[in-house]
Amino acid sequence: MSEQTPASGPVTDGPADPEHDATAAYGLDRSYVAGLTRRLVSTTGETVAVASPIGGTPLAHVPQSSPADVAEAFARARRAQVSWAATSVDDRAAALLRLHDLLLDRQEELIDLVVWESGKARKDAYLEVAHLALTARYYARTAHEHLDTRRVAGMFPVLTRAEVNRVPKGVVGIISPWNYPLTMALCDGIPALLAGNAVVSKPDAQTVLTALLAAQLLEEAGIPPETWQVVAGPGPEVGGAIVAHADYVCFTGSTATGRVIARGCAERLIGCSLELGGKNPMLVLRDADVHRAAEGATRAVFSNAGQLCVSMERLFVADQVYDRFVDAFVSRTQAMTLGASQDWSVDVGSLISQAQLDTVTRHVEDAVAKGARVLTGGKHRPDLGPYVFEPTILEGVSADMECFGKETFGPVVSLYRFHSEDEAVQRANDGAYGLNASVWTRDTARGRALARRIACGTVNVNEAYGATFGSLGAPMGGMRESGLGRRQGAEGIHRYTEAQSVAVQRLVPIAPMFGMSEETNAKVMTGALRLLNKLGLA
Ligand code: NAD
């Protein structure tokens, strides 16, 4: 591939020019793209050219939505939500199981589009399909467990019957990033739909086509199309309009934008979940299987070219195994294949845009200028693709360097030696983030105990991130500045519901009876409370 300097990401442009369109260069049929973009709520007549990171030339011209279009999308979703909420949980769950099979059946088409839009390695795109299929199946199979009305102890046994309903919030706004275009388009929406909500989705401007294909699959699975609206446009304008209309906002993206979303939701007194950034630590303890840990580290650090919220950017290694680990990690990293193509053989794919390349390059150059050593990698590879950057391992990183505490969101990791586990835990907990951590040890009980001391929403023992992320019953999300709320598990669906309590009082009121004085009533009540406690009742 020749060197080129393409426009990064979306560029505002005039009408689509068929000669320079995606179609020919990327093997996407023009009518196929038009079929997808037709689903957008957009009346502006404006389009934006989205460049593929694979070749750097425009992949498609994506129609743009205005704030008025967002309002219209919410109006449509609101109408559709009423009948959707009236369908049975079984019918909604059945649609998700059909979605599960559709995702697996259509994986080649999905993966192709994800790779064209994001430039990632094909294996990383496949994991998006697998994660979504798992999500659809998990929520379909556990729908009743999470959503059925639940009896709780009433104030008085027999006399008070109390239950809790799970009522949908209404229309959920989902604002998602570009790094996992398919996963992020649907994984948070699946539980929202199952709980009886409608959704208005705003994917990142770079990855709208994948989000539209995902919406098409929902429809093919039997979910009424009006319950899932998609809008496209610049974050502050179109994302801001989402916050202005939604009954609940699910946001995934940077911590800086998360704060903006939280302020908007606070103003409207609506709830939100915020899945934000991280500077995730991996700890290799002295009793770790060094070769297994080194192999795990390549996945922990370089999956999705490091553009993964839960990937590791700080690696703390016990003194006793440091040298052996570093040798094994460096040689495994050097054996990885790097590239920008649809081929399954690529281990580390492209970064998504010039902006990402700029950040990664800046972090590495800054570290080197201040004295860090590059053990492997460290270079932009335009010969392989416009935004390809080598997997990079740094040693000697210090607090004055940008990559010490700031999220790089690229294929760059810093190695640190530690002398005691207390020190390792303390350094892992340094900084403002708390998303994901990884601990490697032969003693898994010790690993689990250590995990409790790490201030992260997920901790994987002898795995990087996949063990928690793929366990759909386990909530996933960040502590501290890595977020608010959780996706997956019960928390991942209950955030989209209001807990409504209904209690029926039978036979006697909760008040003095038969002309009884308040004082006598208090005595009777006290006797009843003592009796209930003796009987061990709640
Ligand atoms: P970003 O915050 O710039 O953008 C995310 C989304 O928000 C996009 O759709 C964007 O258009 C929209 N947006 C931007 N400004 C907005 C505004 N003012 N109002 C409303 N919406 C707005 O994030 P990014 O840089 O594109 O994504 C990378 C970040 O996302 C990284 O920090 C990464 O760690 C994080 N991330 C977190 C998770 C997680 O689960 N915790 C998952 C993936 C990515």
Side-chain angles (χ1 to χ4, degrees), residues 8-10 48 50 62 64-65 67 70 117-118 120 124 128 131 135 173-185 187-188 200-208 210-211 230-246 249-265 267 272-280 303-313 351-360 406-410 432-436 456-458 465 468-469 475-488 491-492:
S8 70
V48 155
V50 176
V62 175
Q64 298 296 285
S65 310
V70 177
E117 275 200 318
S118 67
K120 66 175 62 189
D124 293 324
E128 299 205 42
H131 181 259
T135 305
I174 297 183
I175 302 174
S176 51
W178 43 262
N179 65 330
Y180 276 72
L182 181 62
T183 309
M184 292 297 143
C187 75
D188 291 304
V200 176
S201 152
K202 192 213 89 62
D204 188 89
Q206 175 72 31
T207 53
V208 176
T210 303
V230 187
V231 291
E237 192 181 327
V238 173
I242 295 263
V243 176
H245 292 281
V249 177
C250 168
F251 171 78
T252 306
S254 64
T255 296
T257 310
R259 287 187 209 283
V260 176
I261 303 285
R263 276 197 290 273
C265 292
E267 197 56 46
C272 60
S273 53
L274 306 172
E275 309 287 347
L276 310 176
K279 188 77 190 173
N280 306 306
S303 290
N304 217 42
Q307 302 166 117
L308 167 59
C309 56
V310 288
S311 69
M312 302 295 154
E313 297 195 359
L351 297 171
I352 197 166
S353 63
Q354 185 67 45
Q356 282 305 110
L357 178 64
D358 289 346
T359 307
V360 171
K406 287 196 182 139
E407 186 184 40
T408 305
F409 218 54
Y433 291 117
L435 192 57
N436 181 42
C456 285
T458 52
Y465 55 84
T468 52
F469 206 53
M476 188 261 155
M479 294 185 186
R480 307 191 286 180
E481 291 187 15
S482 288
L484 277 182
R486 296 287 183 269
R487 60 165 58 106
Q488 304 192 170
E491 287 86 344

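Note that these values count all heavy atoms, side chains included, but never hydrogens, waters or copies made by symmetry. Since the model is a prediction, treat every value here as computed from it, not as a measurement. For ligands, and for the atoms within them, numbers begin at 1 and follow the listed sequence.
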Which residue owns the protein heavy atom closest to [atom], what's the atom, and how far is it?
atom: atom 3 (O) of ligand 1; value: Thr257 OG1, 3.8 Å
atom: atom 18 (N) of ligand 1; value: Pro236 CA, 3.5 Å
atom: atom 21 (N) of ligand 1; value: Gly235 O, 3.4 Å
atom: atom 24 (P) of ligand 1; value: Trp178 NE1, 3.7 Å
atom: atom 23 (O) of ligand 1; value: Ser254 N, 3.3 Å
atom: atom 4 (O) of ligand 1; value: Asp204 OD1, 4.5 Å
atom: atom 5 (C) of ligand 1; value: Thr252 O, 3.7 Å
atom: atom 32 (O) of ligand 1; value: Glu407 OE1, 2.6 Å

Going by distance only, is there an N or O of [X] that falls short of 3.5 Å from an N or O of ligand 1?
X: Lys202; result: yes
X: Asn179; result: no
X: Gly253; result: yes

By number and element, which atoms of ligand 1 are closer than 4.0 Å to a non-hydrogen atom of Leu435?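 Per the distance check, 41 (N).
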Should you measure from each heavy atom of Pro177, which atoms of ligand 1 turn up under 4.0 Å away?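 Reading through ligand 1 atom by atom, the close ones are 27 (O), 43 (C), 44 (C).
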Geometric class of the Phe469/His131 ring pair [parallel <30°, tilted 30-60°, perpendicular >60°]: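 Geometry flag for Phe469 against His131: parallel rings.
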Record the part of [X] in heavy-atom contact with ligand 1 below 4.0 Å; permitted values are side chain, backbone, both and neither.
X: Thr255; result: neither
X: Leu276; result: backbone
X: Tyr180; result: neither
X: Ile242; result: neither
X: Ile175; result: side chain

Applying side chain to side chain contact (heavy atoms under 4.5 Å, CB included), run through Gln307 and Ile352 and close with a yes or a no. CA-CA 9 Å; Gln307 302 166 117; Ile352 197 166; 3.9 Å; yes
From the options Asp188, Val243, Ile175, select the one residue that forms a side-chain contact (heavy atoms from CB on, under 4.5 Å) with Phe251.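 By the side-chain contact (heavy atoms from CB on, under 4.5 Å) criterion, Phe251 pairs with just one of Asp188, Val243, Ile175: Ile175.
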Give me the one residue out of Glu313, Glu481, Lys406 that meets side-chain contact (heavy atoms from CB on, under 4.5 Å) with Lys279.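 Single side-chain contact (heavy atoms from CB on, under 4.5 Å) partner of Lys279 among Glu313, Glu481, Lys406: Glu313.
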Should Gln307 be listed as contacting ligand 1, given a heavy-atom distance under 4.0 Å as the test?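 No, Gln307 has no heavy atom closer than 4.0 Å to ligand 1.
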Would a distance-only check, ignoring hydrogens and angles, find a side-chain to backbone donor-acceptor pair under 3.5 Å from Asn280 to Cys309?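 Side chain of Asn280 to backbone of Cys309: a pair is present.
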Do Lys120 and Tyr180 meet the cation-pi criteria used here (NZ or CZ under 6.0 Å from the six-membered ring centre, within 45° of the axis)?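 The answer is yes; both the distance and angle limits are met.
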If you round to the nearest 0.5 Å, how far is CD of Glu407 from CG of Leu276?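 Taking CG in Leu276 and CD in Glu407, the distance rounds to 9.5 Å.
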With rounding to the nearest 0.5 angstrom, report the CD to OG1 distance, Glu117 to Thr210.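 Between atom CD of Glu117 and atom OG1 of Thr210 there are 3.5 Å.
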No-hydrogen, no-angle side-chain donor-acceptor test under 3.5 Å, Glu275 and Thr252: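 The answer is no; no qualifying pair exists.
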Would Asp358 and Gln356 count as a side chain to side chain contact (heavy atoms under 4.5 Å, CB included) here? Give the steps. CA-CA 5 Å; Asp358 289 346; Gln356 282 305 110; over 6 Å; no
Kindly determine whether Ile261 and Ile242 satisfy side chain to side chain contact (heavy atoms under 4.5 Å, CB included), including the steps that lead there. CA-CA 10 Å; Ile261 303 285; Ile242 295 263; over 6 Å; no
Go through Val360 and Thr408 one step at a time and tell me if the side chain to side chain contact (heavy atoms under 4.5 Å, CB included) criterion holds. CA-CA 6 Å; Val360 171; Thr408 305; 4.1 Å; yes
Proximal candidate to atom 6 (C) of ligand 1 [heavy atom criterion; set Ser353, Ser176, Gly239]: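 Nearest option to atom 6 (C) of ligand 1, by heavy atoms: Ser176.
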